[in-house]
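I have placed the structure first, in the form of structure tokens, so that the comments after it can refer back to it.
For this chain, numbers begin at 1 and follow the sequence in order.
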Amino acid sequence: MFEKQILIPSASELHSSQPLSEALKRIKEERDGLVRDVISGESDKLLIIVGPCSAHESAPVLEYVKRLGKLSEKVKDRLVLVPRIYTNKPRTRGVGYKGMFLQPDPENKEDIVKGIRTIRELHLHAIAESGLTAADEMLYPENYSYFEDVLSYVAVGARSSENQMHRLVSSGAEVPVGIKNPMSGSIPVLLNSIYASQQPQVFKYGEWQVATGGNEYAHAVLRGMVDSYGNDISNYHYETVMQLFEGYQQSHMLKNPAVIIDSNHSNSGKRFREQIRIVKEVMQNRTLDATFKNFVKGFMIESFLVEGCQKHNVVFGQSITDACLGWEDTERLILDIAEKA
């Protein structure tokens, strides 16, 4: 049984009530182009998608993004920085804090309408104050329409990459979509997901039958895998990355071969400080093989103002979900990437 609680306004209604100004639209258009050019290979910059595991509170996220905007000015010749403003949190067992979309105050009850408005307000302020547009995870495909006008990058998680609706909605997104390998680590499944996202599709979306043109900027994200006993297995090493490249080469209909390395999750075994070593290993491999260098387009890094994590929202700027790098380590790592890119 479904108990109807609150009628949620349509995406167009919420866009109208919290619109982007013409100035912010121009920033987003420029930023979308920067991200697309990295994925297509038109630009040799690296894409760095960096920020907290989940954006649980606006104030610290905004402070983080403002700092990232200042750092972006220092590295913009070599890197494209995209803040993670992840507002839906997947839960392996289906319970716990599920993100700002559902629960805008992590210590209070669910309120989706308030969550949507809070997220849109956060994005508008973040773009205006930092000049950066953000990334979010497409955990629930039907929610994408509420934020499609503010995002420059979308991720499809490991638990979602085999889902038909995620693939279909990705085919209509106007920004690059990074599709993570499934939890099993299957490369054929990952490549099938990318292929489906790059193809024109017809399906039901909201109240409409819609047609898409396909998203040629859909690409791979390697985040490690989990075996049948629950052990984390990394897949950022040279050999596993090149196996993915070979899969791309054998799939002749795929456009824009590209991979982003997720430095946390099963690649790090959720040992957040391992992200630094992982990024440095991948950067070293880029210096040794031109094919590897051209294929690896950047990194996903989990980072916040304060390193580690906490169970309750007490420490300003510390994750309440997965543990993250702190700001000082993040800044040092990004400057190091820029120097070696």
Side-chain angles (χ1 to χ4, degrees), residues 25 27-49 79-82 133-138 141 144-145 147-158 160-182 186-203 205 208-223 241-262 290-300:
K25 287 180 182 179
I27 292 173
K28 175 172 158 46
E29 183 179 0
E30 180 182 358
R31 294 271 301 163
D32 289 355
L34 289 173
V35 177
R36 282 195 297 264
D37 286 350
V38 173
I39 299 302
S40 69
E42 290 294 315
S43 167
D44 64 356
K45 296 178 183 180
L46 282 175
L47 183 63
I48 311 297
I49 300 150
L79 308 180
V80 177
L81 302 188
V82 179
T133 46
D136 198 355
E137 179 176 352
M138 189 195 295
Y144 174 64
S145 60
F147 310 110
E148 61 185 343
D149 61 327
V150 296
L151 297 172
S152 287
Y153 187 92
V154 176
V156 173
S160 305
S161 59
E162 297 183 68
N163 180 269
Q164 180 83 333
M165 194 64 180
H166 285 82
R167 294 172 170 184
L168 296 176
V169 174
S170 295
S171 76
E174 296 183 358
V175 298
V177 176
I179 302 177
K180 293 191 177 185
N181 62 261
S186 171
I187 296 304
V189 168
L190 173 57
L191 294 172
N192 285 340
S193 297
I194 296 168
Y195 178 80
S197 300
Q198 291 191 354
Q199 300 307 302
Q201 305 285 356
V202 176
F203 57 100
Y205 191 49
W208 292 88
Q209 174 178 311
V210 299
T212 70
N215 185 348
E216 66 183 52
Y217 301 101
H219 59 277
V221 178
L222 292 179
R223 51 85 70 201
V241 171
M242 294 309 292
Q243 286 172 5
L244 174 61
F245 178 77
E246 291 170 8
Y248 258 107
Q249 295 300 102
Q250 294 166 9
S251 303
H252 301 293
M253 297 183 70
L254 290 177
K255 300 176 182 178
N256 297 317
V259 63
I260 300 291
I261 304 299
D262 180 347
T291 300
F292 185 97
K293 178 179 180 178
N294 292 331
F295 184 46
V296 175
K297 304 295 187 180
F299 299 95
M300 289 184 175

Review point. So which heavy atom on Ser170 is nearest to which on Val177, and how close?
Key: OG-CG1, 3.6 Å

Practice item. State, yes or no, whether a side-chain contact exists between Met165 and Tyr205 at a heavy-atom distance under 4.5 Å. Key: yes

Check your understanding: Is there a donor-acceptor contact under 3.5 Å from the side chain of Gln198 to the main chain of Lys255?
Key -> yes

**Study point:** Straight-line distance of Thr133 OG1 to Glu29 CD, nearest 0.5 Å
**Key:** 11.5 Å

Exercise for review: Answer yes or no: are there more than 12 heavy-atom neighbours, outside Lys28 itself, under 6.0 Å from its atom NZ?
Suggested key: yes

Revision key, fill the gap. For Pro257 and Lys297, the nearest pair of non-hydrogen atoms, with its separation, is O-CE, 3.9 Å

Check your understanding: Between the side chain of Thr212 and the main-chain N/O of Gln201, is any donor-acceptor distance below 3.5 Å?
Key -> yes

Review point. Where the side chain of Ser251 meets the backbone of Leu254, is there a donor-acceptor pair that is under 3.5 Å apart?
Key: no

Point to revise | Nearest-0.5 Å distance that lies between atom CG in Asp136 and atom CD in Glu148 | key: 13.0 Å

Study note, to complete from the structure: ring pair (Phe, Tyr, Trp, His ring centres under 6.0 Å) filter on Tyr217, not counting sequence neighbours, yields none

Check your understanding: Looking only at heavy atoms, what is the nearest atom pair of Ser161 and Arg167, with distance?
Key -> O-NE, 3.3 Å

Point to revise | Flag, side chain of Asn256 to backbone of Glu216, donor-acceptor distance under 3.5 Å | key: yes

Practice item. Taking the side chain as every heavy atom from C-beta outward, state whether His166 and Met138 have any atom pair closer than 4.5 Å. Key: yes

Check your understanding: Do Val82 and Arg31 come within less than 4.5 Å of each other through their side chains, counting heavy atoms only?
Key -> yes

Review point. Atom CG of Leu168 and atom CD of Gln199: how far apart are they, to the nearest 0.5 Å?
Key: 11.5 Å

Point to revise | Non-hydrogen atoms of Val169 and Pro141 that approach each other most closely | key: CG2-CB, 3.7 Å

Exercise for review: Would you check, one step at a time, whether the test side chain to side chain contact (heavy atoms under 4.5 Å, CB included) holds for Tyr248 with Ile194?
Suggested key: CA-CA 10 Å; Tyr248 258 107; Ile194 296 168; 3.4 Å; yes

Review point. In Å and rounded to the nearest 0.5 Å, what is the CG to CD1 distance from Leu244 to Ile187?
Key: 5.0 Å

Exercise for review: Could you go through the side chain to side chain contact (heavy atoms under 4.5 Å, CB included) check for Leu151 and Tyr144 one step at a time?
Suggested key: CA-CA 9 Å; Leu151 297 172; Tyr144 174 64; 4.3 Å; yes

Study note, to complete from the structure: Taking every heavy atom of Ile179 against every heavy atom of Ser197, the minimum-distance pair comes out as CD1-OG, 3.3 Å

Review point. At what distance, to the nearest 0.5 angstrom, does CZ of Phe299 lie from CG of Asp262?
Key: 11.0 Å

Point to revise | Shortest non-hydrogen separation from Val35 to Ser152 and the atoms involved | key: CG1-O, 3.9 Å

**Study point:** Donor-acceptor pair, side chain of Asn215 and main chain of Val175, under 3.5 angstrom
**Key:** yes

Check your understanding: To the nearest 0.5 Å, how far apart are NZ in Lys180 and OG in Ser193?
Key -> 14.0 Å

**Study point:** Derivation of the ring pair (Phe, Tyr, Trp, His ring centres under 6.0 Å) call for His219 and Tyr153
**Key:** CA-CA 11 Å; His219 59 277; Tyr153 187 92; 5.5 Å; yes

